[in-house]
Amino acid sequence: MVHVYNCHPFASQHIVPTDQEPGLVCCGGDALFVVSAAGCKVEAYRMQGEDCPLICRFSTMGTVHRILYSQIGDYLVTIEEKNGSTYLRAYTNWRYQASERTRVGVRLLGHFLRVPSLCGAPKEQMEIIEMPLSEPPQCMACCALTGDLLVGCTRSLVVFGLKRQELGERLVVLDFEMLVVLHIHNWSPSDVALCAGYVALQTELEVLVVKLERMEKRHPQEPQSPHESDDFFMFPKHLELLGAESKDCGVSVTLEGTGAECTTHPCTQTALYRRFAPDFFRGCSSVHSAHSLHTLYTLSMLTCSLPLCAGNCEGGREPVCVFCFFSLPGAGYMYSLHNPVQLLSTYQYPEKTHEAALCDQFLYVITRNALQCFSVRCSAVAARAGDPYIDTTMKACPPATMEVCALRIQLFIGLRSLCHDGNHIVLITAVDSESKVETGSTTRRTICRKTSRSKQVCESGYGWNLYVITTVPTLQLYTEMVEYSRRYEQTLSHNSLHLLSEAHLLVRSSLLSLRGGEEGDRAQLQNAFRESCAQLGDCFSRLDRRDCHLALPYYKMSGLSVTEVIQRNVARSGDSTSVTDYGKGFLFFLKHSLYEETMEDLSEETANTVLDIFSQAEPAQLPHVVTSPFMVKADPACVLEHLEQLEVSGAPAVTLTLCKSAQALRLGNMQQYCQQMEQHSEMLQVFGFIEEPKLLFQGRGSSVTPTLFAQHLQHTQVGLLVAAMVALHENSKVKLEEADLFFQELCKDCVDRQSPYLLVDFWEALLVASSQDSIIQELLFRLASVYINRITRRDCTGITALKTAEDLINSCFHYGQPYPWVSILTHLSHCSVAPDNHQEDLHKLQSLLCGPTLDISSVLPLLEQLPDTDGAGVSVYVLCATRLGQLESSLERLLEHCPEAVIPYAHHQLHSHMLTLWWQKLFPELCKRARVPSEKGSVLLTALKETVKVVAMELSPLEFLELLPDDGSAHFFLPHLLECSLRHSQSHLTTHIMESC
């Protein structure tokens, strides 16, 4: 059902002072073209002004049956008849006929007069261009974007492209070029439309829309027609096919090349097919068939590529959406051809209609005695196509499927014809004797008449009138619709929301249709747009419907601050504090704004008002509300009072207790703070922080700021603070980078601001808890870097870490037990780090290097700052080399700096396939170094003895003998050689006995 309102979209009407009865009219470019009833003369009138002054008049070459104007190119095109033949002609430069003495040139399409006179000053003359066709033309349409021309003939459609031809340095003339011919089997169009490459055609009860495209040449496929029947013919039933389904409509479209120069070949893609069954009971038979076909486009604010059609689109912009409208006498149908193709609106007319005209804001329909104005949904579709944020929490728009309405039904007598241009509507009325008797008792409600000629015509008996009706400016009509909606404001009825939505779409449509050079109008429309968004926000804020959440995006689009929105809703509710005074939409807006953290700081008065609102409407949300950073100015005593009331009602205790602790801290009441903190264990308090992270920090990203509560925990319960931040990270409530900024800001007064001890404690605790591989590798690298940096600097802050190395080894898989030789190396070094905390850092680093997870190659660049002359540095270098499999270099480093650790290292590392390094690397090196007198001589000799024992156990006597140095002492090696021989003999004897058995 169509809503009918009594708005006033029509401002005034003027009667065009024509001398002869008009037969045909068309308009465009602020001009009205009237063809006399005789059909051989055209008069052009300027529609601006009260008197509609005459621009020019000229004669045509034949009787005009159809006339059409294209604003692109400023030309007229006619279908004329002369001597029983039908012609298609275009009239260019028609404005030169103002003097009525200007020469007229007649030529065929593509033919120009090339005479020497053209080289001089260009001649001011109208040109008539005749476009030959193989079939008689029946209907035509112009593309509003390119000026191209579509002609419907008996059995085909012809597309002409508009072009500008340069004939000289100062002479450019308009011409046409035949682009493509479409043959449609068994179709004879009664009306056609063309827009942005979409071709629409209409027969008595069928509508077809195809899209012209450019692509590789292909052979057309003949689809199977659904009309074919194996038995006998039946009346066709209703059928609607949209998008890809429409290719099965059974209509064969064949393209014929025209020989025009083109690098690609045109093809068609069916977009829409609609067939209506005859309804003889409602008068919708072949006699009363579809009467209007229109296409419409909407532009975005972006610059896009050109469409398929020849010529330049308006403003160099491609349309975001294309719409198709067609009408039967009893109903009209609006489709969006934007992907996906869909039916937007169905218009059920209150009475039988004759003609319809579509514009970007309204649909105008005429019946026998009324001009009707309906709303359209084009701007709703265009908004969603051009803005991906529509239908999110950022932006909103009334739905494209919202039911349409009739804004006005204006009575006229004997309406015959209708056309539209800009803010003007042109009507032809004609009254005969029958219609006068039938309508003589009708009270005619007219708009303000500006001339007296209408009275003379009405009194003259039988006659006609040609009206130019000026529509109301957008802002004036918008204001009236808003005032109209206030009639239903108190009852919160559907009509109020519907009218406000219509007003919003009206302003949206005007903003989309604005062109350059209208910045003043744009500013006024944008102000009205923001006002409309605020009104829709008010409407949705009071509703308890499912879509009440739309209050949030509409308020955002209005540009109102949260404080202003609160004041609007509080003022509407008056002094009452009832829960029902605040709608679900307003509460949703308020909650989302507080949680989103994009609003301004609320004053103390406004913040206290917010507390009162939530205490009455949603008291369970109070713990989350009071922790919002924008409530910082709220009176803490008032906050505590509300929280205590909530606690009495039996609300969940942990988060509530933490909120009360934070407010007690703000008041400086440490006794109450301690009482609240002692009510729950630290584990439960961690869960409370997970539920409400804003107790610890505010802001997101690079603007993370610790709260007063967090600063207090830093000095009193640092373990709770670190555990809470780890839990927040693991529950995706805070990112690693945000936690880093949090601790850096918290410890900004520390010596090491980049890696304060509290931040390192957090990294260590997070490494224990995290299971994400990317986070683990990042933490391992950070911790290794910190440990190396602290060992290198050797400064002591006296701060004790939360976890010792032993704690981490026992609780964290990534920390390994240090190898036995590592502790020997560290303790025997004369240059070991003395402070306990640095010794602890060394142990943690060694444990990391002994663990299974750390990527050793990633920390090698960090070792450059670490000296390799003391036990700490040597242990780290050797651990890294060992993990990388560089055992020989590790042995050399140990022999050079700490030979005491060589044998423990060898026993731990040189086994399996590395066992050969005992005699291939270690034994020769010890023999060579033992010969040289040094302080480590006894240590080297002891190591050599241990090495000889291992070699004697693993090699045969001959292999051992070959390994001995030529200058070696016999008494040193002989015992080991005898032991090797004895072991070898016993081994052979055992083997022989076992074989014998």
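- Nearest heavy-atom pair, Val207 versus Leu293, reported as atom, atom and distance to 0.1 Å: CG1-CD1, 4.4 Å.
- The stretch residues 22-53 participates, sequence neighbours left out, in these ring pair (Phe, Tyr, Trp, His ring centres under 6.0 Å) pairs: Phe33-Tyr69, Phe33-Trp94.
- For CZ of Arg46, the number of neighbouring non-hydrogen atoms (other residues, nucleotides, ligands) closer than 6.0 Å is 12 at most.
- Between the side chain of Ser188 and the backbone N or O of Thr154 there is at least one donor-acceptor pair closer than 3.5 Å.
- For the pair Asp360/Ser379, no side-chain contact is recorded, criterion being any heavy-atom separation below 4.5 Å from C-beta on.
- Smallest separation of non-hydrogen atoms from Ala196 and Cys143: N-SG, 3.5 Å.
- Note that OG of Ser36 and CG of Asp19 are 10.5 Å apart. Values are rounded to the nearest 0.5 Å.
- Listed by chain and residue number, Val192 satisfy the side-chain contact (heavy atoms from CB on, under 4.5 Å) test with Ala141 (two or more places apart in sequence, or in another chain).
- Side-chain atoms of Gln71 do not come within 3.5 Å of backbone N or O of Gly28 as any donor-acceptor pair.
- Ser417 is listed as a side-chain neighbour of Val25, based on a closest heavy-atom distance under 4.5 Å.
- Evaluation of the salt bridge (charged side-chain N to carboxylate O under 4.0 Å, His left out) test over residues 32-45, restricted to residues two or more places apart or in two chains, returns Glu43-Arg57.
- Remark: Glu135 pairs with Ser156 by the side chain to side chain donor-acceptor pair (under 3.5 Å) rule, at least two apart or across chains.
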Under 3.5 Å, which donor-acceptor pairs link side chains of residues 420-428 to any protein atom two or more places apart or in another chain?
residue	atom	partner	partner atom	Å
His420	NE2	Gly422	O	2.9
Asp421	OD2	Asp30	N	3.3

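- Side chains of Leu182 and Trp187 form no contact here, defined as non-hydrogen atoms less than 4.5 Å apart.
- Distance CG/Leu328 to CG/Leu205: 7.0 Å, rounded to 0.5 Å.
- No donor-acceptor distance shorter than 3.5 angstrom exists from the side chain of Thr429 to the backbone of Gly414, with no hydrogens or angles considered.
- The shortest heavy-atom contact between Ala90 and Phe176 is CB-CE1, 3.7 Å.
- Between the side chains of Glu206 and Tyr273, a donor-acceptor pair is found at a separation under 3.5 Å.
- The aromatic rings of Phe276 and Tyr333 lie tilted to each other, with the angle between the two planes from 30° to 60°.
- Within the 4.5 Å cutoff, side-chain heavy atoms of Leu150 are placed close to those of Leu157.
- Nearest heavy atoms, Gly161 versus Asp148: CA-OD1, 3.4 Å.
- Between Val199 and Thr268 the shortest side-chain heavy-atom distance does not fall below 4.5 Å.
- Every salt bridge (Lys or Arg N to Asp or Glu O under 4.0 Å) that Arg377 has, sequence neighbours left out, goes to Glu502.
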Would Leu415 and His354 satisfy side chain to side chain contact (heavy atoms under 4.5 Å, CB included), going step by step from the backbone distance to the final call? CA-CA 9 Å; Leu415 286 173; His354 297 303; 5.8 Å; no
Take Tyr347 and Val376 through the side chain to side chain contact (heavy atoms under 4.5 Å, CB included) test and state the conclusion after the steps. CA-CA 10 Å; Tyr347 297 86; Val376 294; 3.4 Å; yes
Verdict with supporting geometry, Ile129 and Phe160, side chain to side chain contact (heavy atoms under 4.5 Å, CB included): CA-CA 12 Å; Ile129 306 172; Phe160 292 93; over 6 Å; no
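- A donor-acceptor pair under 3.5 Å is absent between the side-chain atoms of Tyr87 and the main chain of Leu133, judged by distance alone.
- Here CD of Gln125 is found 9.5 Å from CD of Gln97. Values are rounded to the nearest 0.5 Å.
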Walk me through whether Leu371 and Ile469 qualify under side chain to side chain contact (heavy atoms under 4.5 Å, CB included). CA-CA 11 Å; Leu371 168 64; Ile469 298 177; 4.0 Å; yes
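- Glu256 pairs by the salt bridge (Lys or Arg N to Asp or Glu O under 4.0 Å) definition with nothing, not counting sequence neighbours.
- Inter-residue side-chain proximity for Leu272 and Phe326 is flagged as met; some heavy-atom pair is nearer than 4.5 Å.
- The distance from the SG atom of Cys249 to the CG atom of Leu242 is 11.5 Å, given to the nearest 0.5 Å.
- For residues 68-94, the salt bridge (charged side-chain N to carboxylate O under 4.0 Å, His left out) pairs, not counting sequence neighbours, are Asp74-Arg95, Glu80-Arg89, Arg89-Glu130.
- Rounding to the nearest 0.5 Å places OH of Tyr335 at 11.0 Å from CD of Gln342.
- Between Leu174 and Gly73 the shortest heavy-atom distance is CD1-O, 3.0 Å.
- Put simply, the side chain of Gln138 gets close to the backbone of Pro189: a donor and an acceptor are under 3.5 Å apart.
- Here Asp175 pairs with Arg107 under the salt bridge (Lys or Arg N to Asp or Glu O under 4.0 Å) rule; sequence neighbours left out.
- Panel note: side chain Thr470, backbone Ala11; no donor-acceptor pair is recorded below 3.5 Å.
- Residue Leu54 holds its CG atom at 10.5 Å from CG of Leu32, rounded to the nearest 0.5 Å.
- A side chain to side chain contact (heavy atoms under 4.5 Å, CB included) with Thr78 holds for exactly one of Leu88, Val64, Leu24, Leu68; it is Val64.
- Residues passing the salt bridge (Lys or Arg N to Asp or Glu O under 4.0 Å) test with Glu240 are Arg274, sequence neighbours excluded.
- Of all the heavy atoms in Arg508 and Ala383, the pair that sits closest is NH1-CB, 3.5 Å.
- At least one donor-acceptor pair closer than 3.5 Å links the side chain of Tyr75 to the backbone N or O of Gly147.
- Checked against side-chain contact (heavy atoms from CB on, under 4.5 Å), Ala244 has no partners two or more places apart in sequence or in another chain.
- Not counting sequence neighbours, the partners of Thr474 by the side-chain contact (heavy atoms from CB on, under 4.5 Å) test are Gln361, Leu506, Ser510, Leu525.
- The closest side-chain heavy-atom distance from Cys26 to Leu76 is below 4.5 Å.
- Inter-residue side-chain proximity for Val151 and Met131 is flagged as unmet; no heavy-atom pair is nearer than 4.5 Å.
- Note: Phe10 and Tyr467 fail the aromatic proximity criterion, with ring centroids not under 6.0 Å apart.
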